Participant: 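Have a look at this one.
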Amino acid sequence: MAATLVIHTKESRETAHSWISGAPWGTVVTFKRPGRTVPQNDRMWAMLTKIAQKAVHNGRRYTPDQWKCLFMHACGHEIMLMDGLNGEAFPAGFRSSNLNKEQMNDLMAFIEKWAAENGVYTGEG
């Protein structure tokens with residue numbers, strides 16, 4: 001049996017306790033901090049879009065997704081290169097959906113700092 005439980009009430013915490021107490025030996029239990037929020041995700045993509053519209057890195061422009069890869073790599077998140085069907089390597093595995101709230105805040109703070117240092121306004125408007 002596989003199950004996921006989000007702890008958000010006293011009752012759900014008690015349920016987790018009972019599941020752990022009754023779990024057979026060898027059961028694997030994983031605890032994961034809450035993931036990034038939808039507003040965080042929306043804000044990140046708005047910032048990346050503005051950067052993609054205005055910024056140049058190493059003499060070229062990048063898509064919002066490519067900028068996300070650049071920023072996540074700069075923040076120390078894991079990079080994986082895959083060989084494309086055409087033989088060219090490309091980055092894969094940059095999934096901001098795997099970030100928790102704190103990691104997402106750190107990423108956005110880094111993006112804002114970089115944008116400010118490079119003359120790109122990422123705020124509203």
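The structure displayed is predicted, hence computed values, not measured ones.
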Participant: Using every non-hydrogen atom in the two residues, find where A3 and W19 come nearest and quote the distance to one decimal.
Facilitator: CB-CZ3, 3.7 Å

Participant: Is there side-chain contact between Q40 and L99, with at least one heavy-atom pair below 4.5 Å?
Facilitator: no

Participant: Once rounded to the nearest 0.5 Å, what's the spacing between atom CD1 of I20 and atom CG of L5?
Facilitator: 9.0 Å

Participant: Answer yes or no: are there more than 12 heavy-atom neighbours, outside R61 itself, under 6.0 Å from its atom CZ?
Facilitator: yes

Participant: To check you understand the geometry: which heavy-atom pair defines the closest contact between H8 and V6, and what is its length?
Facilitator: CD2-O, 3.1 Å

Participant: Assigning hydrophobic clusters by single linkage (Ile, Leu, Val, Met, Phe, Trp, Tyr; side-chain heavy-atom cutoff under 4.5 Å), is I111 placed with W45?
Facilitator: yes

Participant: With heavy-atom distances below 4.5 Å as the criterion, would you say the side chains of Q66 and H57 are in contact?
Facilitator: no

Participant: How long is the straight-line distance from OG1 of T49 back to CG of D65, given to the nearest 0.5 Å?
Facilitator: 10.5 Å

Participant: I need the M104 CE to S97 OG distance, nearest 0.5 Å.
Facilitator: 9.0 Å

Participant: Report, one line per pair, each donor and acceptor closer than 3.5 Å where one atom sits in a side chain of residues 112-120; sequence neighbours left out.
Facilitator:
unit_1	atom_1	unit_2	atom_2	d
E112	OE1	R43	NH2	3.4
E112	OE2	R43	NH2	2.1
K113	NZ	E117	OE2	2.7
N118	ND2	W114	O	2.7

Participant: Report the distance from atom CD of E102 to atom CG of D106, rounding to the nearest 0.5 Å.
Facilitator: 8.0 Å

Participant: Heavy atoms only: give me the nearest I7-S12 pair and the separation to one decimal.
Facilitator: CA-OG, 3.4 Å

Participant: State the CE-OG1 distance between M108 and T122, to the nearest 0.5 angstrom.
Facilitator: 10.5 Å

Participant: Does N41 reach the side chain of M44, with side-chain heavy atoms less than 4.5 Å apart?
Facilitator: yes

Participant: Can you tell me how far CD of Q103 sits from CG of N98, rounded to the nearest 0.5 angstrom?
Facilitator: 9.0 Å

